[in-house]
Amino acid sequence: MLKVEHLTKVYDNGTVALEDVSFEVETGTFLAVIGLSGSGKSTLLRCINRLVEPTEGKIYWNGEDITTANQEQLRRIRRRIGMVFQHFNLVDRSKVTTNVLAGRLGYTNPSLSLLNRFSKADMNRGVAELEKVGLTDRGKHRADSLSGGQQQRVGIARAMMQNPEMLLADEPVASLDPVLAHSIMQYLEDINQDSDVTVLCSLHFLDLVHRYARSVIALNDGKLMFQGTPKEIDDAKFKEIYGKEAERVG
Amino acid sequence: MSDSKNKRSRRSKWIVFGLIAFVLYGLAVRTTDVDFAQVRSEIRQTQLTRILRALAHPDLVSYERDEVSIEALLQVPCAGEPPAGDTSGAYIVLTPTCASPGEEVVIHGYNFEANSDGIARFIPDSEIPVTIRLEPFSAGEDGEFEITIKTPDRESTKPQQVLAVTAQPVGTWLNRASVVNEETGETLLSPRFSQNGIDTLDKIIETVFMALLATTVGTLLALPLSFIAARNLMRDISMTITGLATILISVPFGLWGGIQVARWINDALGIASSSRWLLAALVTAIPLAIIFAIRAVFNEDDTEEKTRTERIQQGTVTAVAGVAGIFWLGALAQLLKAIGHPLPPQAQQGFWDFIPNFIYVLGDVGELTLVVITTLVGLRVAAKFASRLADSLTSRRSKGSLDIINVPLAAVAGGVSAVLIMRVVDWFYNYRDPAITLWAPIAIGALLGAFLALRNRTLGTVNVGLLSYYAARTVFNTLRSIEPLIMVIVAVVWVGFGPFAGSIALALHTTASLAKLYSEQVENIDQGPVEAIRATGATRLQTIMYGVVPQITPPYLSFTMYRWDINVRMSTIIGFAGGGGIGFLLSQNINLLEYRDAAAQMLAIAIVVATMDWISARLRERLV
């Protein structure tokens with residue numbers, strides 16, 4: 001179970017990105033995080049694995065306090081949390097295989113991995129993960145030679161290399177066309193259902209939320225506006241989350 | 001109304017600008033001694049022509065010359081007509097063919113080599129062979145010339161010889177002649193490269209190698225330093241006050257320990273270095289032992305939480321392997337020094353001597369690196385213990401009671417750092433007074449430390465990363481602002497005149513500039529992949545290796561190439577200050593007014609710089 005308590009993030013320039021956000025996520029849930037651009041979705045996800053240091057508040061995961069973990073503990077927490085990004089965040093000039101294997105870095109001996117060495121088991125694992133996302137033949141290509149959809153699949157393979165218990169997906173389909181978006185979302189759904197991985201996924205389109213998410217939280221201007229199931233978002237709630245001028249599409 | 005006012009104020013502004021410009025340029029002209037009378041002066045113009053002509057004829061090739069004399073007869077004083085000469089081939093005609101001493105005679109030459117130079121001589125009728133120099137001449141395009149001479153005061157009843165002597169270069173590049181020098185008996189080829197040409201080639205090669213060494217060393221030093229000077233990597237590194245203070249206190253212990261270990265290792269090796277075989281055995285055995293030991297206690301992945309015994313085992317093995325590794329480096333250095341040998345004096349050098357010399361120098365480099373590494377390791381180990389200590393001090397305390405430890409700790413840390421800094425300052429200024437070098441820094445440092453600890457109390461942390469970033473930036477900018485031409489003066493005092501001094505100066509400057517250029521590349525990388533790697537649980541070093549390095553490799557290579565290009569250009573002039581290379585030759589020849597020799601060096605520089613420019617542009621194109 002993931003428990004977020006009174007989470008607040010104020011950036012150095014004074015921007016309040018999150019303000020007193022509290023919610024709970026049961027293990028194995030597919031949770032969608034919705035809200036306008038700049039409402040704090042990315043910051044919230046990044047606070048959970050402390051890519052962004054929270055200013056105040058606590059995050060407990062299976063009873064462990066993430067916010068006070070020291071470097072070594074944090075490293076061990078992070079390696080159990082996979083992350084997928086809007087812009088894929090692959091190392092463009094590296095091979096697809098190297099990008100996928102990077103997912104094992106948290107588990108490899110630091111001094112050995114500096115020599116670009118991964119164990120045989122990790123290598124086989126990498127091949128298997130690439131196969132799952134249907135990119136078996138692309139291992140030797142450079143990451144930036146792949147199309148957007150393929151790059152995101154590599155991103156998913158990288159996250160899965162970590163054996164994650166939780167997956168943070170920061171607008172994973174925002175830079176993809178609708179058909180690709182569904183294919184990527186289906187990968188995430190499979191991961192959620194087959195391996196019982198908790199998925200926290202920020203999304204823009206409500207139809208994707210209705211189709212894939214089991215529960216939803218909504219942010220507006222850093223404040224938690226709504227927590228519940230996708231069905232509960234009616235027109236009134238919608239206006240509350242997205243502002244009075246907003247109109248529903250899709 | 002306001003429009004015309006605007007216009008007027010704009011006009012008056014222009015007038016003021018004009019006046020200011022007038023005064024400024026007037027002053028500039030006066031202080032730079034602009035004097036067009038000099039430009040127009042005829043003497044200056046002939047001098048200029050002479051120099052430019054010399055520069056246009058670089059001294060690269062020398063020919064042996066054959067003298068060809070064409071004769072005609074002159075009767076002094078007039079007493080009948082001397083016989084006319086042969087008019088097939090080159091010939092000269094005198095008008096008149098007889099004259100009294102002091103009278104003028106015109107010499108007309110025909111069928112000479114076009115544009116050839118020569119001299120007219122008079123051979124008087126005498127017992128001993130004497131020649132009298134008359135006038136020089138130069139034939140035109142058509143091979144003709146005409147000069148007027150004054151008849152010498154040598155009277156005779158017989159007709160006497162007037163010679164037109166030209167010196168013809170022997171041989172061509174396609175058909176080289178060999179000429180035996182009458183004085184030394186040497187056989188010389190003609191044409192051949194002149195001594196100046198050979199020297200120029202020699203020195204330009206030296207120049208390129210200087211640039212190569214300086215670039216390599218500069219690159220190696222700049223690589224790690226550039227990460228410290230990259231804001232995006234350093235920004236997030238912060239430390240608790242307790243941690244920072246204990247680490248600062250640990251610095252002198254680390255330094256002392258590191259240097260001590262280096263000394264022990266050198267002593268131990270001093271015994272071993274009597275035998276090459278023992279050294280060779282050590283060099284091969286140590287890495288095998290290290291690999292074996294690490295295989296035995298480390299798993300390839302650390303999936304499981306380590307047990308206590310495992311951790312102790314691994315810690316011990318790491319420590320022993322570290323010491324053994326340093327020892328190995330020392331043994332390797334000694335072995336290399338034993339195998340190689342320094343260069344014998346110039347006269348006894350064979351071409352292949354550079355190989356043992358290179359091995360010897362590598363051994364020397366290893367010995368130097370050993371001291372640096374042990375010092376760094378010493379600092380690291382001391383810091384590790386210090387932060388362990390800090391952790392145990394802070395873990396059981398509330399934020400308020402932390403001040404009770406932090407303030408005195410910070411005071412001690414401040415005092416220790418101030419004394420260390422003062423040691424360096426004292427080395428420059430030689431105070432010899434403990435009040436200045438010891439007590440004052442302790443007091444000021446302690447106060448400053450305590451004050452900073454109190455000021456940062458609410459935050460509880462210090463951003464060490466940014467501090468080191470600013471420190472590194474300041475050092476690089478200072479070093480970069482000192483031209484290598486000035487650095488070389490210090491280097492010359494240190495290691496003597498010659499290319500080594502030049503290389504040191506260039507290497508230092510290269511390190512500073514490349515560190516800055518590199519760090520700007522690090523700052524420009526895409527943060528996305530770095531974030532993604534960090535999210536997988538990678539350590540800081542792993543993040544750099546997998547997220548940063550692939551992104552910066554192409555620009556790093558391209559900047560290195562560019563820097564080599566710059567270094568070649570710089571090393572051509574660094575010789576002016578005693579730094580060796582072609583600049584040394586060039587400055588000498590300019591001072592000796594040997595403009596044709598200097599022209600050869602300028603030509604060589606131009607060719608090398610243009611070639612480097614072209615090559616580096618090509619390579620960079622391919623990389624980026």
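In the text below, chain A, chain B and the rest are named by the order of the sequence lines, each starting its count at 1.
Side-chain contact between B:Glu531 and A:Asn89: present, with at least one pair of heavy atoms (C-beta onward) separated by less than 4.5 Å. For the pair B:Tyr546 and A:Leu105, the minimum side-chain heavy-atom distance is below 4.5 Å.
A:Arg78 places no side-chain N or O within 3.5 Å of a backbone atom of B:Thr536 that could act as its donor or acceptor partner.
Heavy-atom pairs under 4.5 Å with chain B peak, among A:Arg158, A:Gln162, A:Met83, A:Arg50, at A:Gln162.
The environment of B:Tyr562 atom OH is sparse: at most 12 non-hydrogen atoms of other residues, nucleotides or ligands sit within 6.0 angstrom. Residue A:Asn13 qualifies as enclosed at atom CG: its count of foreign heavy atoms under 6.0 Å is above 12. The number of heavy atoms from other shown groups lying within 6.0 Å of CD (A:Gln73) is above 12. Counting non-hydrogen atoms of other residues, nucleotides and ligands closer than 6.0 Å to CZ of B:Phe385 gives a total of 12 or fewer.
Note that CG of A:Leu90 and CG of B:Asp526 are 10.0 Å apart. Values are rounded to the nearest 0.5 Å.
Here the closest heavy-atom approach between residue B:Pro550 and residue A:Arg93 is recorded as O-CD, 3.3 Å.
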- Message: Using side-chain contact (heavy atoms from CB on, under 4.5 Å), reason through A:Arg75 and B:Gln542 one step at a time and then give a plain yes or no.
- Response: CA-CA 12 Å; A:Arg75 190 168 112 82; B:Gln542 285 176 326; 3.7 Å; yes

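At a 4.5 Å heavy-atom cutoff, the contact between A:Arg46 and chain B is made by side-chain atoms alone. In this structure, chain B has heavy atoms under 4.5 Å from both the backbone and the side chain of A:Leu51.
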